[in-house]
Each structure stands twice: as structure tokens, then as C-alpha cells.
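This report refers to the structure that appears directly beneath it.
Keep in mind it's a predicted model, so treat the numbers as computed, not measured. In the text below, chain A, chain B and the rest are named by the order of the sequence lines, each starting its count at 1.
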Amino acid sequence: MANAPLVTTELDLSHDEILRYSRHLLMPEVGLAGQRKLKASSVLVIGTGGLGSPVALYLAAAGVGRLGLVDYDRVDFTNLQRQVIHGMGTVGQRKVDSARARLLDLNPDIRVETYDEPFTSENALRLSAPYDLVIDGTDNFPTRYLVNDVCVLTHKPNVYGSIFRFEGQVSVFWADRGPCYRCLFPEPPPPGLVPSCAEGGVFGVLPGTIGTLQATEALKLLLGIGEPLIGKLLLFDALGLSFEELRLKKNPRCRICSAEPEIHELIDYEAFCGVPGHDHEDGHLAREWEVEPAALAAELKAGKAVRLLDVREPHELEISRLPDATLIPLGSLASRLHELDSAEEMVVFCKSGTRSARALELLAGAGFRKVRNLYGGINEWARQVDPKLPRY
Amino acid sequence: MTTIRVPTPLRPYTGGAKEVEVSGENVTQALGDLVQHYPDLKRHLFDDTGALRAYVNVFLNDDDVRTLQGEATPLKPGDRLMIIPSIAGGAPREERPGPSPSATIRPGSVPPRPA
Ligand SMILES: [Zn+2]
């Protein structure tokens with residue numbers, strides 16, 4: 001299939017720009033006309049984290065004339081392991097401001113528009129309208145379905161990338177020319193069945209690989225060169241250093257891009273996925289099935305018999321541990337319930353409270369009634385009770 | 001024998017195994033053999049009625065089995081099945097220096113949107 005360029009208008013280049021882009025101009029596939037097209041093109045990058053960092057850096061360097069950045073987060077010290085657009089000097093700043101400064105330092109001839117807000121059903125159509133193409137660099141299912149649906153409804157290509165630990169996925173979902181994200185993933189997995197990145201970890205260089213592939217696809221689409229990853233899912237495994245390409249077809253029963261779609265407008269994606277897409281600042285209120293680390297420490301000090309159940313993975317014990325805790329990783333809890341006594345008072349914990357909340361559901365379902373979740377996990381214990389423990 | 005490639009998110013339930021050899025004449029039987037060996041995996045692939053979950057994508061060689069004969073798609077020796085996971089990861093948000101209530105959202109419950 002001929003890859004018709006997404007952008008047909010061209011903007012004149014200054015002498016400085018001609019010099020800056022000379023390595024592009026030397027290649028006929030880009031050339032002066034292509035570079036002028038890039039200058040006239042615009043891309044909205046959702047998320048300026050692991051994937052958004054290389055995407056935005058390379059698109060800026062390549063001379064995409066207008067970049068939009070959507071992110072409501074601030075730069076955290078632990079981001080720097082992979083989010084290379086940020087730096088020590090911008091820890092604590094808004095990510096979009098940190099990224100914008102870096103991009104304009106790299107290329108002052110482009111425009112960078114920032115949106116310091118979550119991408120939601122309320123603003124998605126407005127934010128994406130002025131852009132030719134959207135890059136999905138988000139970290140949660142509700143926003144991924146939202147990005148897909150916005151792109152399908154407005155006929156825009158969605159350059160998709162996703163990562164988990166050592167593995168990544170890349171595709172171009174463009175309903176006008178091929179399948180969409182919902183064709184491949186009609187439904188999100190139920191909450192709790194797939195661990196989040198924050199719990200599962202991610203190899204720092206992996207978003208670099210996947211994000212750079214997303215930038216590659218975006219530039220090809222804008223220029224109309226090569227073969228885009230439409231109707232194909234590229235899988236990357238960093239450990240085996242292997243790529244596999246799977247064929248995707250349009251799902252004739254797709255709820256949004258089939259001939260008879262059920263979805264005609266944006267929906268409530270958090271309800272659809274059963275998880276929040278964004279942090280909800282509802283204050284610090286431990287629920288009745290949770291216990292604050294300080295409160296637990298007081299109970300233990302008073303001599304109350306409480307079984308501590310650690311549901312982390314064995315390698316995490318090398319980082320931090322609580323004395324006398326029983327280790328049963330979440331993945332094997334269901335088959336090891338017989339090792340626990342439902343008559344005992346129990347507090348379940350993990351790194352930050354997510355996996356232990358799942359463990360609690362499982363235990364409650366199995367008839368355990370005297371179980372609580374350690375609020376904030378061992379990291380919160382380190383903050384409140386034992387500062388000698390490292391947080392991770 | 002058919003090789004099934006187990007994606008990273010599901011490897012905690014296969015004792016870390018990345019590829020598993022299974023037997024079966026079709027996709028249903030091969031997956032059934034897989035969960036026979038790894039019972040913890042079962043609820044991730046099948047619902048309570050025993051049907052393959054809608055978010056589980058199974059590819060036979062390069063093709064989505066839904067575009068072939070679905071779970072009844074026959075297998076030949078040397079075929080390769082891949083389970084393709086839905087992964088959301090990209091730029092995971094870290095916990096804030098202060099306590100983060102979202103870290104303990106109870107599965108299934110959605111907190112109200114802020115006004
Ligand atoms: Zn579709």
C-alpha cells in the first residue's frame with residue numbers, strides 16, 4: 001500500500017534550518033520537500049514519561065514543527081532511570097515544563113505546546129483537534145482506550161507503544177486504513193489480573209527502544225515513506241533481543257471501528273476499565289480494611305499477635321524486609337492458602353499496597369476475616385516507622 | 001507437540017517458564033493442557049464458565065486465532081501459539097513522597113471523579 005503523506009502542506013526553511021537538517025536533506029526519501037512537510041506537521045504526545053521522552057526528543061530533533069505534550073505529573077527522582085527528557089535540575093517540576101525546556105534547547109525552531117492536565121473524555125477531542133497524529137505513551141488502560149477512541153472518531157493515526165518489564169509492543173492503529181486498538185483488545189483485563197509497571201518494574205532502556213520505534217513510525221506517516229506498522233503488531237523482547245511481527249485484522253465486530261459501531265462518542269473509560277486512569281486526590285484516608293504502618297507498629301509493640309504476610313517476590317526481600325514476616329508471593333498465594341490460619345490476625349503487605357490489596361481480596365474470598373492491608377506497603381512502613389529501611 | 005509462548009505478565013504463574021510444550025489437537029486443548037500443568041494460570045485465561053477470556057489474545061504462528069477458526073483452530077506439529085497480553089505500561093507514575101491513595105484502590109471499585 002502506498003503510504004500517502006499525512007501532511008501535504010509545506011513551510012519554508014530558514015538557512016539555519018537547512019543547515020540543521022542537512023543529513024535529512026541529503027536523503028531523497030526526506031529531501032527538502034519532506035523536511036518542509038515535517039515543519040508543517042504537528043504531533044500530540046500523550047505522556048512525557050518513559051515512552052514520551054524519546055518520542056518527543058526525536059520528533060523535535062527531526063524538525064516536526066509543532067509538538068503538543070500532555071501530562072499532569074511532576075518529575076520524580078525515580079523517573080530518571082528511564083525518562084531521559086528530564087534531569088536532576090527539573091526534579092519536582094511539572095513534566096511538561098521540564099520536557100518543553102529540554103526540547104527547545106535541542107531545537108528552538110519548533111513550537112512546543114503544553115497541557116498540564118490529565119487526558120480525559122472531557123478534553124480529549126479539544127486537545128487532539130489541532131494535531132495531525134497522536135502518540136500513545138500512557139501507562140494505563142483507561143487512557144489507552146480513550147486515545148484509541150478519539151483517534152478512531154477523528155480519523156487520526158494512533159502510534160501505539162506499550163512496555164512491561166523487558167517486553168514491548170508497537171503498532172499503528174489507524175481505523176481508516178486498518179485495525180484499531182479495540183480490534184485487538186476488545187476488553188481490558190479486569191483490575192488485578194495484570195500487574196502495573198510500578199509493581200512489575202521496567203528495564204530502563206526498554207521505553208527508549210519502543211519510544212524510538214514510535215517516533216520512527218510517526219515520521220514515516222508524516223512524510224509518507226516506507227511501510228507503516230498498520231495491521232501489524234511488533235513485539236520486542238529485550239532479553240532475547242528478538243522482534244516478532246504479528247498480523248492484525250480489523251475485527252468485524254469492533255465496537256468502534258466496524259461497519260456498525262456501538263460507540264459513537266467518548267465514554268467513561270475509568271468505569272469501562274474498572275480502574276482509575278488518573279490519580280484522584282481524595283486525601284489520605286485509610287479504609288477500614290487497611291492499617292497505617294504507625295498503628296501496626298503500636299499494636300506489635302503492645303504485644304498483639306499479628307501474622308505479617310509478605311506477598312512480594314523473593315528478590316525484593318534483598319531490598320527490604322520486616323522481621324518474622326511469612327513470604328508467599330502473590331502469584332502462588334491461591335495455591336498456598338492451606339499454609340495460613342484464618343483464625344489468626346493477619347496483616348498483608350507488599351511494596352506499596354497494590355499487590356497486598358489483591359491478596360486481601362483473594363483471602364477474603366477464601367473466608368479469611370481477620371486480615372488487613374498495610375497501607376502504603378513496606379515503603380510507607382519505612383517512612384513512618386523505620387527510616388533505616390530503603391524505599392524503592 | 002505445540003510450543004506456547006507465555007508472556008512476561010503471566011510468567012509468575014508458570015514458574016517463570018517462557019515457553020511450554022503442550023499437546024492438543026486444537027487451540028482449546030492446547031490451552032487446557034497448559035493450565036493443567038499450571039493451575040494458577042487458569043483464572044487468567046478462562047472465566048468461570050471455562051470460556052477463554054475476551055482480553056486474552058492467542059496467535060497461531062503469525063495470526064490471531066479469532067481470524068482463523070477461533071479456539072477450534074486445529075494444530076499441526078511444530079505450530080507455535082503465543083498469548084499476547086494487554087499491557088498498559090508506558091510511563092508508570094511513581095508514588096508521591098506523601099501517601100498515595102490510588103495505590104490502594106480496591107479492585108472493582110472506582111473512586112468518584114474529582115469535581
Ligand atoms: Zn476497531
Side-chain angles (χ1 to χ4, degrees), chain A residues 47 49-52 73 76 78-79 83 137-141 144 161-167 169 184-189 191-198 202 246-249 270-271 274-276 279-284 290 331-332 334-335 352-354 357-358 361 373 375-376 379-380, chain B residues 5 7-16 18-19 38-45 47 53-64 66-68 80 82 84-114:
Chain A
L51 295 169
D73 213 350
D76 183 88
T78 62
N79 295 157
Q83 301 183 17
T138 56
D139 64 349
N140 62 82
F141 289 113
R144 290 200 181 275
S162 189
I163 52 174
F164 184 81
R165 291 191 169 204
F166 294 97
E167 283 181 46
Q169 303 177 345
L184 176 63
F185 299 116
E187 285 179 20
L193 277 190
V194 174
S196 76
C197 248
V202 64
L246 303 176
R247 283 190 286 265
L248 304 181
K249 289 197 182 127
E270 299 191 337
V275 290
D279 292 339
H280 295 272
E281 302 292 340
D282 56 354
H284 174 199
E290 288 177 324
S332 50
S335 56
S352 59
T354 310
R358 271 179 236 145
E361 295 265 306
N373 185 19
Y375 181 85
N379 276 353
E380 189 60 24
Chain B
R5 185 181 177 281
T8 314
L10 295 180
R11 283 181 210 158
Y13 312 103
T14 59
K18 186 179 170 185
E19 296 203 327
Y38 302 105
D40 288 341
L41 194 57
K42 191 169 179 184
R43 70 188 184 100
H44 296 268
L45 299 184
D47 66 20
R53 292 185 184 272
Y55 60 86
V56 175
N57 287 280
V58 181
F59 279 70
L60 172 59
N61 302 320
D62 294 337
D63 292 298
D64 191 335
R66 283 180 296 215
T67 68
L68 305 170
R80 188 152 180 264
M82 297 179 82
I84 304 299
S86 260
I87 52 175
R93 283 188 296 278
E94 314 299 333
E95 296 124 65
R96 300 293 198 296
S100 159
S102 72
T104 48
I105 294 300
R106 198 167 221 195
S109 77
V110 179
R113 287 170 158 280

Heavy-atom nearest pair, A:Ser332 first then B:Asp40, reads CA-OD2, 4.0 Å
Item checked: Under 4.5 Å from any heavy atom of chain A - which part of B:Pro39 ->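 Contact with chain A involves no heavy atom of B:Pro39 at all.
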Worksheet item: Between B:Ile84 and chain A, which part of the residue has a heavy atom less than 4.5 Å away: side chain, backbone, both or neither?
Response: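 Answer is both: backbone and side chain atoms of B:Ile84 are under 4.5 Å from chain A.
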Taking side-chain contact (heavy atoms from CB on, under 4.5 Å) as the definition, give me every residue that meets it alongside A:Lys249, ordered by chain and number, with sequence neighbours left out.
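For A:Lys249 the side-chain contact (heavy atoms from CB on, under 4.5 Å) partners, ignoring immediate neighbours, are B:Thr67.
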Partners of A:Arg247 by side-chain contact (heavy atoms from CB on, under 4.5 Å), sequence neighbours excluded?
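Once residues adjacent in sequence are excluded, the partners of A:Arg247 under the side-chain contact (heavy atoms from CB on, under 4.5 Å) criterion are B:Asp62, B:Asp63.
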(request) State, yes or no, whether a side-chain contact exists between A:Glu187 and B:Arg53 at a heavy-atom distance under 4.5 Å. (result)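 Heavy-atom side-chain distance check fails, nothing below 4.5 Å.
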**Report entry** Which portion of A:Leu248 sits near chain B, non-hydrogen atoms under 4.5 angstrom
**Finding:**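 The answer is the side chain of A:Leu248.
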